[in-house]
Structures are given as C-alpha cells and as structure tokens.
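I have placed the structure first, in the form of structure tokens, so that the comments after it can refer back to it.
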Number of protein chains: 2
Amino acid sequence: MATRKDVAALAGVSTATVSHVINQTKYVSDELRAKVLSAVEELNYVPNYAAQMMTTKKTNQITMLVSDISNPYYGEIAAGMEEVTRQNKYVLSISSTEGTPDNYITTIIERQTDGVFVAVTNHIYSSEIIEKLTRQRIPVVVATSSEAIEYDEMVSTISVNYATAMENMLTYLYDMGHRNTAYLVGLEEGSDDTRITLFDRFQHELGFNTDRQLVVFGDFPYRTNFESGYTSMNKLLERDLDFTAVFCTNDLMAFGAIKAIREANLRIPEDVSIIGCDNIFFSETSDPPLTTISIPKRELGRRVVELLFGAIEKKRLTSSRVNGELLIRASTGPVGNKKTEGR
Amino acid sequence: MATRKDVAALAGVSTATVSHVINQTKYVSDELRAKVLSAVEELNYVPNYAAQMMTTKKTNQITMLVSDISNPYYGEIAAGMEEVTRQNKYVLSISSTEGTPDNYITTIIERQTDGVFVAVTNHIYSSEIIEKLTRQRIPVVVATSSEAIEYDEMVSTISVNYATAMENMLTYLYDMGHRNTAYLVGLEEGSDDTRITLFDRFQHELGFNTDRQLVVFGDFPYRTNFESGYTSMNKLLERDLDFTAVFCTNDLMAFGAIKAIREANLRIPEDVSIIGCDNIFFSETSDPPLTTISIPKRELGRRVVELLFGAIEKKRLTSSRVNGELLIRASTGPVGNKKTEGR
DNA sequence: GTGAAAGCGCTAACAC
DNA sequence: GTGTTAGCGCTTTCAC
C-alpha cells in the first residue's frame, strides 16, 4: 500500500506538498500539482484514513443508533441521513440495539464518531445512552416527541409535531361515531411521548369516553413491532371492554393488531377501525390499506444530519421539527353493526 | 480526553503495561493489573480507535454496500449482519448507492474497511465495484444467484438456491391451470440471475407456452422497487398478450405490479396471479397476502459476515448458500374466468 | 513480568 | 511556493 511518502518520492516533492495538493489546503504550482497527481495515479495511492483521523481528531463518521433496523421506518430515515451524509463525505454507520445498548456506546465512543443520532424507543435506555455520549462531548440528536425534557447542551432534538394530526384523527373518529377508542402504546408507562398526552387531551375535549383501561402499555423490553402489536391487541381483547377503534404507536404494531383482530373473528373496519403511525411504505398496500399518521421520514433523516453537522462544525445547537399528517385509508370507517358474539 | 499515557502515569506503570492489560496480550501481575484498571476507571479512559487502527492496520469495520437501504429485504439482512458483527466487536457501516457507486468505493477504500458485502443489484456497477475493491485486496462477499461467474480470489459469494422453489412455483402454477406466465425482471437483459434461466428451463420442462415477450426487463438504472414493478407491469399490459400469472423479482416489485393490475381493472388472483420473491415482512399482511419465494434473510446476513471474517482472518475463502422456499398465499389461485374486457 | 522506544501515515506549524 | 519536522495515541519488538 503506497503511502504519502512514496508519492512524494515519485513526484520528487516533499510529503507536505503532497498533502497540500490532496487536501487543497494551500496553493501549489500547477507543475508540481500535476506531478503529484500523476504519482498518485500511478501508485494507486489512497490516503490512510486512520492516520488522518488521528491527526485531525475527526472521523467524518456519523452513527445512527436504532432499536430495530428491520423496521422500514428507520430504513427510510437512514436513507435520508445517508443522502446528506454522503454529500458531505461523511460515513453513516448503523448500530441496532436489540437489547441493552451498553456495548454499542463503548464502541461508538472508541470509534470517536463525530455525532450520533439516538433513535431508541426505550426511554430508559435512551437517556442512559445520551448521558454517556454527552459525557464524552459527542454531539447527539435525539428523536423525541416531547419538549418537556431538559437535555445537555450537546444534544439537539428532532421531533415530530403530532398535535394537528392527532386532533384530526380523533375528530375524524368522533365524526364517524366512535366514542371508545383504544391506544396500543407498546412502550412503558410513563414514556415521554406527546402522543399519549395529546390522545388524552383531545379525547376529553371532543367528548370520548375515556377509560385508562383502553390504553395498553407494553411489556419489557418495550418493543413497538409486529409482535408487540399482536400481543397488545390480545391483551386489550382480554380486557373485554367496548371499543370500536384502535390507535397504534406505529404501523408495524397496527399490522400485528390486525392479525389479532382477525383471529378474534372481528372485521376491519366494520367491527374495529385501526389507525397506525409512520406511514411506512406498506401501509398503502396492506390489507386493508392502513389509515395512519404520515411522517416525512426522508426529510427527517436529512434534518438529523444537518443538526449533527451544525453541532459538529459551528458548535451551535438547534432543534428541528417535522409535521405528522393524517392519512385516511380503508382500515377505518364509521361505527358499524358490531358482531358482539365475535369474542 | 485521557490517553494511555495518563493512565500509565496514574497507575505508576509504563504505557506498554497498560496496553497489555487492556488487550490481554501478555500476562501482567494481578497487582499492576488492578492498578491499571482502576486508573482506567478513574480517568474514564477509552482507547483511541484511530491510533489502534493505524498500528494494527485493521479497522474492525465491515461495510454493506446496498442499492436501496429502504427496501426492508436489505434491512433484515443488515440486522443479521449486525448481529454477528457486533458479537465480534466489529462495526457495520452501510452505504446506499442510489446512482453510480464511484464515490462510495473511494470512501470505503480510504476507510480501509476490513471487508465489504456488495448487495448491489445492478450487475454492471457491481462488477466494477468488486474489481476496485479486490484491486485493493479488500475481501468482498457478493450476493449472486449465479455460479457461472469467475471471481477474483478475494471474493466469496453468498447465493440463494432458487432451483427447488422455482420448480415448485412453476409446478404449482401449472397445476392451477396456468400456461402463460410473465416475469418482471426489473434488471437489465443479460443479468446473471439464475432465476431467469430456471424460469425458462422449468417452463419448457413443464410445458408452459414460452414467449420471451412475457419476460419484461427493466430500464436503466435497473431498479427493483415498487415503481419498477409498476412500470414493468404497465409495459407488460401494453404488449397486450395473454397471461394469467406474473412472477416478480422481488416483493416490492410485486406490490408495484399489483397496483398497476388494479388500475387496469383486473382482479387478483382471479384474473392474474402474482408471485413475489424475498418474503419481506409485509407480504404476509398485504392485500392480498403475497405468494412468494421466502428467503432466510437474517441467516443470510449472518453468513455474509462469517464469510467475511473467514476471508479476513484465515484468508481462506468459501461460499455459502441459502435456500429459497415457496410460500403460497392468496395472491395466486387457479386460472379463472378472465374479464377479457378488463384492458 | 515490566519498560523504553521505534514506528504506523498523516497534518500543520514553521523555516526557508 | 515548498520542505522539515514534531507530534497524534497506540502496538510491539527488544532489553532489562
């Protein structure tokens, strides 16, 4: 593997000159620059990143820490991140924390990532992660839906504004005659998710029958995936309460819920209306197409990286916000003649 | 940021000793080891990876180069890779090559990734990528479905055995009365995909009406996503041929095809049976649930990393193979009374 | 068993 | 404009 020294020798210049033409860090005469370039070409020279990293103390690497990379929601966010990350010659690395996140953090710190996006749904883990990261002065962007939390100065937040979408959703349900709507949260009770508060608030304001029993929290380790949706829905069905609509923390859970509902011999939407969140790609093609709160995922991903760059370069921190939007499809409808013998 | 030197000073030992206890590379007396450890603890010391990289010439990093990270198929493979990658203290980085891959490769080479998994569907690009990588002596694993290609000694292959699944699929279709089945390839003509060959072969053997017009290749840049499925299906419909079943290169394309079919006022499966490939998560919940060739994605991801490790450590190369399996769901059925006025 | 010291490949002063 | 050189933090012989 050719080094900068070899190039310098071949081109008959000093190593510093080579550096300067490669990094365009100082003006070098056309003549020498040409020599250097051709030497680079000839030797098939590629700068050694590790060495560069060591002197500059920058890795040009950003990492995404995610609970579940196989959730396409994060896949699309990652695609958005990748886009701007790449344009800026950064590298995106992805860590999936299925379980406790301890080891990842050490890795991230060792690798001296320039910034990390914490997209971990488990609240306890994520605050732990954030703390460890900020202690090392690593810029962090957190996905939060709550503005209530106080973060360290190293952290910026990206959040989704759910207020309008949640209000629209509940108004829509109300207008369709729904008065008892459940919520499959998946997360632990006490999670800092604005949607929970918004759900309560708008239910009160609009005149729904509110019953905490209709809100189903998850079990450790608090996943929000297909299985979790399936389990939560079954939990809800066992409670034997009246409900005609179910809102789920995300589309994946909604699909799990749909499975459970069908197994219980209930029809969608005639017996139960289902609403998801995220609008992942498949919600459009699913059976039935899913009513959901759409989130601009790619845009969100781009924003995250911009936020991180801001923190890395200017050391100036801000927050960013993206809007959720209700998308009505076939999984919801008016309250119908419920098959009461269904369960 | 504490360095090894600080630790050595605090512990009252040499830097070498610190290295030895951290890397367990030589026996160090319990007494000193304890001192070192507590110094590490106290200083919150974390080894600098860049420095380590520089001396060891290893990055402990593996890269996945993928055409489309938002395709959940790759998401699941990535999850499998991440699993073993993590267990071995490696880092997984993901690059999405939407468009020409030139720049990524340079990045990968600069970063001196220890190994890369090339999951790029575009054949021309992928061979170019492989060449550049192997020229730098970087171990590569390629996803191929063809055994025909001769690769450099630095490349191992992971392949899916489609033979049985393809035969089962076509037999199944034949038994259902289908005689004209189309194939939406998405890729360019001449792609090294065994499925194309297998499709032809079994169609002949079983006695289908074969007509190359029923095989639809893609257009540059040869994507195999939803849009591509939609476009290809429309292309097929315009050809105005008889067909009662359509096989698609992957589930994403199948969903795109389904959209086009519905827009043409055709019913699934009464008028057209649809078969996908991959069995991504949503194929189970889609409308209709998709008949598809299932691939053990996580397992595949794990194997890829193992292959890469083999290449990195022992410099011994092998190949690995995983089996596809036909999964019959509701998007296929017997040839019915086709609504000929449908298009 | 422990330590000194020579690099690894590059950057960035600083001289020339 | 171009070259010299002192590190960056760590690993690893090789002495002791």
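Not measured: the values here are computed from a predicted model. Each chain gets a letter, A, B and so on, in the order the sequences are listed, and its residues count up from 1.
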- Audit row: A:Met81, A:Ile77, side chain to side chain contact (heavy atoms under 4.5 Å, CB included) steps and yes/no: CA-CA 6 Å; A:Met81 292 179 69; A:Ile77 292 178; 4.3 Å; yes
- Note on the structure: Within residues 28-36 of chain B, the residues having a heavy atom closer than 4.0 Å to DNA chain C are B:Val28, B:Ser29, B:Leu32
- Message: Can you pull out every side chain to side chain donor-acceptor pair (under 3.5 Å) where at least one residue sits in residues 299-308 of chain B? Sequence neighbours excluded, please.
- Response: B:Glu83-B:Arg302, B:Glu299-B:Arg302, B:Glu299-B:Arg303, B:Arg303-B:Ser320
In residues 30-38 of chain B, what donor-acceptor pairs under 3.5 Å come from side-chain atoms, sequence neighbours left out?
residue : atom : partner : partner atom : Å
B:Ser38 : OG   : B:Lys35 : O            : 3.2

- Sequence neighbours excluded, which residues qualify as side-chain hydrogen bond (donor to acceptor under 3.5 Å, both in side chains) partners of A:Asn44? B:Gln136
- Task: Might you work through the side chain to side chain contact (heavy atoms under 4.5 Å, CB included) test for B:Thr134 and B:Tyr151, ending with a clear yes or no?
- Result: CA-CA 10 Å; B:Thr134 53; B:Tyr151 286 111; over 6 Å; no
- Note on the structure: Rounded to 10°, the helix from C:dG1-D:dC16 to C:dC16-D:dG1 deviates from straight, judged by its five-pair end axes, by 40°
- Item | Protein-nucleotide distance (A:Asp6, atom CG; C:dG9, atom C1'), rounded to Å | 10 Å
- Message: Holding to ring-ring contact (aromatic ring centres under 6.0 Å, His included), I want the full list of residues that pass it with A:Tyr90, two or more places apart in sequence or in another chain.
- Response: A:Phe309
- Task: Scan side-chain atoms only and decide if B:Glu82 and B:Thr85 contain a donor-acceptor pair under the 3.5 Å cut-off.
- Result: no
- Message: At a heavy-atom distance below 4.0 Å, which nucleotide of DNA chain D is the first touched by chain B, and which is the last?
- Response: D:dG9 to D:dC14
- For nucleotides 10-16 of chain C, read 5' to 3', which letter fits each nucleotide if B means a protein heavy atom sits under 4.0 Å from the base, S means only the sugar-phosphate is that close, and - means neither? BBB-B--
List the atom pairs, donor and acceptor, that lie under 3.5 Å between side-chain atoms in residues 4-15 of chain B and the rest of the protein, sequence neighbours left out.
residue : atom : partner : partner atom : Å
B:Arg4  : NH2  : B:Thr15 : OG1          : 3.4
B:Asp6  : OD2  : B:Thr3  : N            : 2.8
B:Ser14 : OG   : B:Ala16 : N            : 3.3
B:Ser14 : OG   : B:Thr17 : N            : 3.3
B:Ser14 : OG   : B:Thr17 : OG1          : 3.2

- Item | Contacts of B:Glu76 that satisfy salt bridge (Lys or Arg N to Asp or Glu O under 4.0 Å) - sequence neighbours left out | none
- Query: When B:Val140 is tested against each of B:Val155, B:Thr63, B:Leu65 for side chain to side chain contact (heavy atoms under 4.5 Å, CB included), which residue passes?
  - Reply: B:Val155
- For B:Thr59, which residues count as a side-chain contact (heavy atoms from CB on, under 4.5 Å) partner, sequence neighbours excluded? B:Met53, B:Gln61, B:Gln112, B:Asp114
- Note on the structure: Applying ring-ring contact (aromatic ring centres under 6.0 Å, His included) to A:Tyr222 and not counting sequence neighbours gives A:Phe220
